[in-house]
Amino acid sequence: MATIQITATDPVCGMTVKTHDSRSSEYQGKTYYFCSAGCQQKFEDDPAGVLEARAKKDGENKDAQPADESGKHSCCGGHGPSTTNVSAKKPQPADSSAIYTCPMHLEIEQVGPGDCPICGMDLEPKFVDIANDGDDEQYNDMKRRFWVGVALSVPLLVIAMGPMLGLRVADWMSNTAFGWLQLALATPVVFSAGWPLLVRGAKSFRSMNLNMFSLIMVGTMAAYLFSLIVVLMPGVIPEAFFENGVPPLYFEAAAVIITLVLLGQVLELRARQQTGGAIRELMQLAPETATRISDNGEEEVALDSVHKGDRLRVRPGEKVPVDGRVMSGSSSVDESMLTGEPIPVQKSEGDSVTGGTLNQTGALVMEAIGVGGDTVLNRIVQMVADAQRSRAPIQKLVDVVARYFVPTVIACAIAAFIGWAVWGPEPQLAHAFVAAVAVLIIACPCALGLATPMSVMVGVGRGAKEGVLIKNAEVLEVMEKVDTIVVDKTGTLTQGRPAVTAVETFGKWSEDDVLILAASVEAQSEHPLADAVVRRAKADDLPIHEATDFKSITGGGVQAHVDDHTILIGKTDLLQQHNVAEVDAGLNAAKNHQTEGATVVFVSIDDQLAAILAITDPIKESTPNALQTLHELGLKVIMLTGDAEPTAKAVATKLGIDEFHAGVSPEDKHAFVRKLKNDGKIVAMCGDGINDAPALAEANVGIAMGTGTGVAIESAGVTLVGGDLRGVAAAGNLSRKTMSNIRQNLFFAFVYNAMGIPIAAGLLYPVFGLLLSPMIAAAAMSFSSVSVIANALRLRSVKLD
């Protein structure tokens, strides 16, 4: 579906913003919308001037394509939300018209690729295209830059640090030539390979959204520019900087720092590629082509050329290309990619098929109904991608810290410089300079920024591989705190495909007569129990007659006329309300079936009880083990069902469920969940039907079976693709392990900075005589990011059962 927002243009910076959640001001009877407080203030200070400047700029750009469609503006830093007016067909990530967003700051959206004005990270496509091969130009570009840095930094490091190893280049080269050689090697590293890092740092100061690139730029440029002055104008360097009688050079520090930061970027981008493994695996389920049938015969076409209404042929062994309906043919289809069940499902004319499932035995001709972004597979892919980019509430803590972190680090670097310059040993200024640069570099908050998003991306991807689709990171965090699981019975604990297992008749009616009349009425209903009656009549080769005056009675049953008979089917209360005779006899007969877990339906013909139908919905084989796991996690399990008390009790007793409530209506389910929440419980509700949707929405976490209705899935925060209760246990385990991983990452990041800054400032010098080199600081900074990434990637292999 296309995402449609009402948008407006910020008159100050020209950014497209959403009117429903943007700042606004009135001027001359018209409302203007702004991306940030800064833009709003500029407008209110001089509205006429701003509007005149905007009109002039729009006139200049009317016939020209802007060089930068990023939507980022130095006046505001790009904080405001930008347009999300995108077509239903998601654009290729390489498409300059695609919507891009920051994985750490989701409020940042722009048209086309670029970098985040807040944290400086590369933006990524907001929408996933199932046809894209996942090739990452961003990663390849950063890798090329890194290897250029390595190629030039290694010889520079050998030349500069050679004397420590007994290699004295300066012995056969003048100091001037020695400096020019280092300048020649360092300059391409800093200004070519490291250019994106410097640009991001400069942008951060323009917008005052200080981030890791702010510190990198200040540190490397300080080292480079100081060394450049030494080479060009050595006479202006104070003697307090001199080492062994000459001013020092820090070209190797600047180059190596840039190279190590590039290494960190390469590893980060590579890790982000790996977190997308679940998405790529899902994408690979879709075939690349389809066989389209037209008046001119059959032709093989690319998948993105298939349109709604096309007739497609699916041969044995081929994957179903898109969602659709079988027009002719019959076959068994492996739907394990959706349901997790290995048993193929028989498909024939009129049945629906899902793109990505595997046709096995026969040939099918199908009509394409869901194509492109409307397929089940594509919606699953997009759900996973959206969840991986979402922010957990714990990220707010990180954001608060990061807001004050960089200014604090800069203050620490200044304090370190002053301290060494005043109280340090000779050469005082040289020591002060090294300490200040080391503080700036080692304190880069990249590890802090990566701590939460990396764990969320990997955790959500891991869940997707198990068929557990998490809607967003907030759900993942709340799921960890859940202490009560509320489950529906039909379709959740049971297979959701009930069957008539017994028919007991009363009076003159035979079993076949009852089934013919009952099935004729139930054929008009969509209830699972009605479907069971119809399937039983068909299995017995009984005819289905025409029913008239059909009426569905909510929560009670159905009524219709068949062959001049008035048929009433449903619960005992319904029959008693209609004054049906002999209902008590049916109640006595029903008890035996209900104690065995069967649902009993009463059938009245012409106001006289004619039969009871015992309908059993088999418990899923996986349910007992799943419930055991939930209990091991310390969760209380409560079953709510519309079934009668004896049936519900039989199922609850058999499965060891902690608490159950029978005869519950959809309104009762919603009220029960609300009561649990009011009592202080953190509730997860698991269901699969339309009647479960209100309770799913009310719960702290709604868990929908993927085999259920679309309404239930839309109301839920977690979707279990396979419709298996084991997924609830997997979601519980996943949330706990992911949140634990996030806390570990935050601990690493905070402790690293808490220890690294004092050491870089010279804490160890009085005791051990050690002063941290900026190059060592850069290596340590990169290692901290790698540690966080490696720890997050451990989630890919955790067991969820």
Side-chain angles (χ1 to χ4, degrees), residues 101 103-106 128 271-272 274-279 282 380-399 449-485 629-630 633-635 677 681-686 696-697 699-706 713-722 725-747 788-789 791-801:
T101 185
M104 293 188 189
H105 300 90
L106 298 182
V128 177
R272 283 166 61 186
Q274 291 176 346
T275 63
I279 290 179
L282 288 170
I380 290 174
V381 168
Q382 198 59 54
M383 184 185 294
V384 175
D386 289 343
Q388 287 187 326
R389 281 193 298 267
S390 60
R391 293 158 59 86
I394 197 172
Q395 180 69 25
K396 294 178 182 178
L397 169 65
V398 180
D399 291 343
L450 287 170
T452 299
M454 282 300 301
S455 296
V456 169
M457 284 192 288
V458 180
V460 168
R462 179 71 183 92
K465 289 184 178 180
E466 296 290 327
V468 180
L469 304 182
I470 308 294
K471 183 171 285 188
N472 54 53
E474 183 176 0
V475 170
L476 199 61
E477 185 168 335
V478 174
M479 187 69 196
E480 181 200 27
K481 303 171 185 175
V482 165
D483 52 30
T484 306
I485 302 286
T629 302
L630 291 174
L633 290 173
L635 301 174
K677 288 173 64 180
K681 302 295 184 182
I682 308 297
V683 184
M685 168 69 192
C686 185
L696 289 170
N700 298 98
V701 179
I703 304 176
M705 296 298 179
I713 293 172
E714 285 297 319
S715 303
V718 179
T719 299
L720 308 181
V721 176
L725 194 64
R726 287 176 299 187
V728 179
N733 271 320
L734 177 67
S735 66
R736 296 183 184 206
K737 292 180 179 180
T738 301
M739 293 309 301
S740 174
N741 192 272
I742 288 174
R743 294 187 186 98
Q744 292 165 6
N745 282 346
L746 291 175
F747 176 79
V788 166
I789 291 170
N791 188 54
L793 290 177
R794 290 191 308 110
L795 287 171
R796 293 189 303 166
S797 57
V798 298
K799 292 185 177 180
L800 301 181
D801 51 15

### Task
State, to 0.1 Å, how close Leu725 and Cys686 come at their nearest heavy-atom pair, and which atoms those are.
CD1-SG, 4.2 Å
### Query
Excluding sequence neighbours, so at least two apart, what forms side chain to side chain donor-acceptor pair (under 3.5 Å) with Glu466?
Arg462
#### Entry: Set of side chain to side chain donor-acceptor pair (under 3.5 Å) partners for Arg743, sequence neighbours left out
Glu480
## Note on the structure
The reported gap from CD1 in Ile682 to CE in Met479 (rounded to nearest 0.5 angstrom) is 12.0 Å
### Query
For the atom pair CG (Leu633) and CZ (Arg736), what is the distance rounded to the nearest 0.5 Å?
4.5 Å
### By salt bridge (charged side-chain N to carboxylate O under 4.0 Å, His left out) - contacts of Lys677 (at least two apart)
Glu698
### Task
Would you check if the side chain of Asn700 reaches a backbone N or O of Ala684 as a donor-acceptor pair within less than 3.5 Å?
no
### Query
What is the minimum heavy-atom distance between Thr629 and Ala729, and which atoms define it?
CG2-CB, 3.6 Å
### Summary
Nearest heavy-atom contact between Val468 and Gly727 is CG2-O, 3.8 Å
### Query
side chain to side chain contact (heavy atoms under 4.5 Å, CB included) with Ala792: which residues, sequence neighbours excluded?
Met454, Ser455, Val458, Asn741, Asn745
### Task
Determine yes or no for a side-chain-to-main-chain donor-acceptor pair under 3.5 angstrom, with Thr738 supplying the side chain and Ser735 the backbone.
no
### Message
Taking side chain to side chain contact (heavy atoms under 4.5 Å, CB included) as the definition, give me every residue that meets it alongside Lys737, ordered by chain and number, with sequence neighbours left out.
### Response
Leu795, Val798
#### Entry: From CD1 (Ile470) to CD1 (Ile703), nearest 0.5 Å
8.0 Å
### Task
Please name the pair of heavy atoms, one in Ala731 and one in Val718, separated by the smallest distance, quoted to 0.1 Å.
CB-CG1, 4.4 Å
### Query
Residues two or more places apart in sequence or in another chain: which of them pass side chain to side chain donor-acceptor pair (under 3.5 Å) with Asn733?
none
